[in-house]
Amino acid sequence: MTKNLLKIENLHATINDIEILKGLNLSINEGEIHAIMGPNGSGKSTLSKVITGHPLYNITKGYIKFNNEDITYSEPEQRANKGIFLAFQYPVEIPGVNNIDFLRLAYNEKQKNSNLPELDPLSFFDLINQKAKHIHMNTEFLARNVNEGFSGGEKKRNEILQMSLLDNQLSILDETDSGLDIDALKNISTSINSFFDSKKAIILITHYQRLLNYIIPDFVHIMQNGQIVCTGTAELAKKLENEGYNNLVKQKIN
Ligand code: ADP
Ligand code: MG
């Protein structure tokens, strides 16, 4: 039987007292890939941050359940430990923090929380090198500071490395495809597809149908003005590419 993983009902959220999410509903089962598309400023990144518990956002109404457990007001660390991962649209640079140390800290924190053994620097080095090679990432990036001086595409690849390392049940990828050249896009899509399994779910936030040629979503949602206004299958993204948001959403509302 399919099991529900994420359930969001009538979610309203504000930042600086401005309401950005205005009654959003979304339900995701294990084994499903959902794409979220929609014009700039419609609230896609806000949704991703609200699901992961970003402290600047306030939820004013509605709820978020993960594996049937209410996480609406849980701390971000708790959500991460329960199995929610976010690859940021704009990954931050952390000068002075070595990438491999950062990754090991995140990994060991998760291991500790699941009562699994932590890894010493040497064993972790082997694990992360293997993961980096798997996603065709130059291992030079492991020795550098987190995202410091990385190009847009390299930052995105570093997010995918974190995703595959932390191996969470729900991964939200916020415009991971933007800034990637064609080879990198194919490559990262292959990594995402091989990472995915029937116990996991992925939310792909994207502007481009192109990504969805490589990673086929079960559902495509269109967000507008803080709500999901239209849901369809992968065909919807193709229609969107031809018709644009305005025409498509108008047709749906009329
Ligand atoms: P998307 O990812 O769909 O492009 P966002 O979630 O980034 O949209 O933004 C949704 C809306 O929230 C935008 O209109 C944006 O200007 C607004 N917003 C985001 N952060 C803030 C903030 N700190 N203060 C006020 N408005 C904000
Ligand atoms: Mg965004």
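We number each residue from 1, following the sequence as shown. Both counts, for ligands and for their atoms, begin at 1 and track the order of listing. Hydrogens, waters and symmetry mates play no part in the numbers below; they use all other heavy atoms, side chains included.
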Decide, yes or no, whether a salt bridge links [X] with [Y] under the criterion of side-chain N to carboxylate O below 4.0 Å.
X	Y	result
Lys112	Glu109	yes
Glu93	Lys155	yes
Glu235	Lys238	yes

Atoms in ligand 1 with a heavy atom of Asn40 nearer than 4.0 Å: 4 (O)
Could you list which atoms of ligand 1 come closer than 4.0 Å to a heavy atom of Ile18? 25 (C)
Would a 4.0 Å cut-off, counted as strictly less than, catch a protein heavy atom around atom 10 (C) of ligand 1? yes
Rounded to the nearest 0.5 Å, the CD atom of Glu154 sits from the CG atom of Leu161 at a distance of 13.0 Å
Does the side-chain contact (heavy atoms from CB on, under 4.5 Å) test come out yes or no for Glu118 and Arg104, once each step is laid out? CA-CA 9 Å; Glu118 297 178 44; Arg104 188 167 73 91; over 6 Å; no
The protein heavy atom nearest to atom 7 (O) of ligand 1 is Ser45 CB, 3.7 Å
Please write down residue, atom name and distance for the protein heavy atom closest to atom 14 (O) of ligand 1. Gly41 O, 3.8 Å
Just to confirm my numbers, could you give the angle made at the Mg ion (ligand 2) by OE1 of Gln89 and OG of Ser45, rounded to 10°? 80°
Kindly say whether Phe195 contributes a backbone atom to a donor-acceptor pair with the side chain of Lys200 at under 3.5 angstrom? yes
Quick one: does ligand 1 sit under 4.0 Å from the side chain of Ile15, the backbone, both or neither, non-hydrogen atoms only? side chain
If you define the side chain from C-beta out and look only at heavy atoms, does anything of Leu211 sit under 4.5 Å from Leu180? no
Looking only at non-hydrogen atoms, the one of Ile20, Thr46, Asn16 nearest atom 18 (N) of ligand 1 is Ile20
Report yes or no: does a heavy atom of Gly43 sit under 4.0 Å from some atom of ligand 1? yes
